[in-house]
Participant: 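This is the structure, below, for whatever I ask next.
What you see is a predicted model; the values in this text were computed from it and never measured.
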Amino acid sequence: MLTWVDLLALWSLALGVALGYRAGLPLAFAGLGGVLYLLLAQLGLSGVGWGLGLGLLAGVLAKSLPLPPLSRGLEGLLGLLGGGLLGLFLALALWTGFPWEAVGGGLRYPSVNLPTPIYQGVAQSPFAREAFLLAWKSPWLRKALALEGKHPR
């Protein structure tokens, strides 16, 4: 059964895809900004400010560059890919952004120190724990989502 966490994450993914198709090339560049953020996070430049700044900068750059006109279908496809990348990254951030804790050499996600409604929403989600494990096992995603050192003490 989907929980409120899943609905928020899936809504952000759907919104990214829809806006990408509608906006076209600017959101394709914003998706490239997201990929650039993933690369810069490996150098220690991670955080909400970096991600938002790179996405906005790439979108403004796409609007200001004198690019040759593309067909509506190709521009929609490129925007769809860029918006999908941004929506997927935001969905992963929503699914993995809750506190976790180290217990006996393993990880517990979500932390039991969360308020009960939030804990139940994350714990009963069919996607949150799998997304957290995927992000934790991938060093690229772990750094980009800033998962290291963010557990309650």
Participant: Using distance only, find each side-chain donor-acceptor pair of residues 47-58 under 3.5 Å and give its atom names and separation, not counting sequence neighbours.
Facilitator:
none

Participant: Hey, is the main chain of Leu38 close enough, under 3.5 Å, to the side chain of Gln42 for a donor-acceptor pair?
Facilitator: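 Here the side-chain-to-backbone pair exists.
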Participant: Using a side-chain heavy atom cutoff under 4.5 Å and only I, L, V, M, F, W and Y, what cluster partners does Leu74 have?
Facilitator: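 Cluster partners of Leu74: Leu25, Phe29, Leu61, Leu65, Leu67, Leu70, Leu78.
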Participant: List in chain and number order the residues that pass salt bridge (charged side-chain N to carboxylate O under 4.0 Å, His left out) with Arg129, two or more places apart in sequence or in another chain; answer none if no residue qualifies.
Facilitator: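 Arg129: no salt bridge (charged side-chain N to carboxylate O under 4.0 Å, His left out) contacts found.
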Participant: Which heavy atom of Pro26 sits nearest to which heavy atom of Ala62, and what is that distance?
Facilitator: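 Minimum heavy-atom separation between Pro26 and Ala62: CA-CB, 3.6 Å.
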Participant: What's the separation between atom OH in Tyr119 and atom CD in Gln124, rounded to the nearest 0.5 Å?
Facilitator: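 One gets 9.5 Å once the value is rounded to the nearest 0.5 Å.
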Participant: Which Ile, Leu, Val, Met, Phe, Trp or Tyr residues join Val60 in one cluster when any pair of side-chain heavy atoms under 4.5 Å counts as a link?
Facilitator: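 The other cluster members (ILVMFWY side chains, heavy atoms under 4.5 Å, direct or chained): none.
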Participant: Is Leu19 linked to Leu80 within one hydrophobic cluster, defined over Ile, Leu, Val, Met, Phe, Trp and Tyr using a side-chain heavy-atom separation of less than 4.5 Å?
Facilitator: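 No, it is not one cluster - the side chains of Leu19 and Leu80 are not joined through contacts under 4.5 Å.
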Participant: Checking ring pair (Phe, Tyr, Trp, His ring centres under 6.0 Å) for the pair Phe89/Tyr37: CA distance, chi angles, key distance, verdict?
Facilitator: CA-CA 11 Å; Phe89 187 76; Tyr37 168 74; 5.8 Å; yes
Participant: Decide if atom OH of Tyr21 counts as having more than 12 heavy atoms of other residues, nucleotides or ligands within a radius under 6.0 Å.
Facilitator: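 No.
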Participant: Under the ring pair (Phe, Tyr, Trp, His ring centres under 6.0 Å) rule, collect the residues that match up with Phe127, sequence neighbours excluded.
Facilitator: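 Partners of Phe127 under the ring pair (Phe, Tyr, Trp, His ring centres under 6.0 Å) test: Trp95.
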Participant: List the steps and the verdict of side chain to side chain contact (heavy atoms under 4.5 Å, CB included) for Tyr109 and Val122.
Facilitator: CA-CA 8 Å; Tyr109 181 79; Val122 178; 3.8 Å; yes
Participant: Check the surroundings of atom CH2 in Trp4: do more than 12 heavy atoms from other residues, nucleotides or ligands lie under 6.0 Å from it?
Facilitator: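 Yes.
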Participant: Name all residues meeting the side chain to side chain donor-acceptor pair (under 3.5 Å) criterion together with Thr96; count only those two or more places apart in sequence or in a different chain, and write none if there are none.
Facilitator: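 Partners of Thr96 by the side chain to side chain donor-acceptor pair (under 3.5 Å) criterion come out as none, since no residue qualifies.
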Participant: With sequence neighbours left out, write down each residue that passes side chain to side chain donor-acceptor pair (under 3.5 Å) with Thr3, or none if nothing qualifies.
Facilitator: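 Scan of Thr3 (side chain to side chain donor-acceptor pair (under 3.5 Å), adjacent residues dropped) gives Asp6.
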Participant: Please report the interatomic distance CG(Leu77) to OG(Ser71), rounded to the nearest 0.5 Å.
Facilitator: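 Rounded to the nearest 0.5 Å, the CG-OG separation comes out at 9.0 Å.
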Participant: To the nearest 0.5 Å, what is the distance between CG (Leu94) and CG (Leu7)?
Facilitator: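 That separation rounds to 11.5 Å.
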Participant: May I ask you to list the residues sharing a hydrophobic cluster with Leu85, side-chain cutoff 4.5 Å, ordered by chain and number?
Facilitator: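 Noted: Leu85 shares its cluster with Val35.
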Participant: To which residues is Met1 joined in a hydrophobic cluster, defined by side-chain heavy-atom contacts under 4.5 Å among Ile, Leu, Val, Met, Phe, Trp and Tyr, whether direct or through other members?
Facilitator: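 Other cluster members: none.
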Participant: What residues form a side chain to side chain contact (heavy atoms under 4.5 Å, CB included) with Leu81, not counting sequence neighbours?
Facilitator: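 Testing Leu81 for side chain to side chain contact (heavy atoms under 4.5 Å, CB included), a comparison that skips the adjacent residues, returns none.
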Participant: Rounded to the nearest 0.5 Å, how far apart are CG of Leu10 and CG of Leu15?
Facilitator: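 If I round to the nearest 0.5 Å, the distance is 12.5 Å.
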Participant: The test is side chain to side chain contact (heavy atoms under 4.5 Å, CB included); show your working for Trp136 and Trp100 and say whether it passes.
Facilitator: CA-CA 11 Å; Trp136 187 260; Trp100 55 274; 3.7 Å; yes
Participant: Provide the full list of salt bridge (charged side-chain N to carboxylate O under 4.0 Å, His left out) pairs with a residue in residues 133-146, sequence neighbours left out, each pair given once.
Facilitator: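 Residue pairs with at least one partner in residues 133-146: Arg142-Glu148.
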Participant: Please enumerate all residues that pass side chain to side chain contact (heavy atoms under 4.5 Å, CB included) together with Arg108, with sequence neighbours excluded.
Facilitator: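 Per chain and number, Arg108 pairs via side chain to side chain contact (heavy atoms under 4.5 Å, CB included) with Glu101, Val103, Val112.
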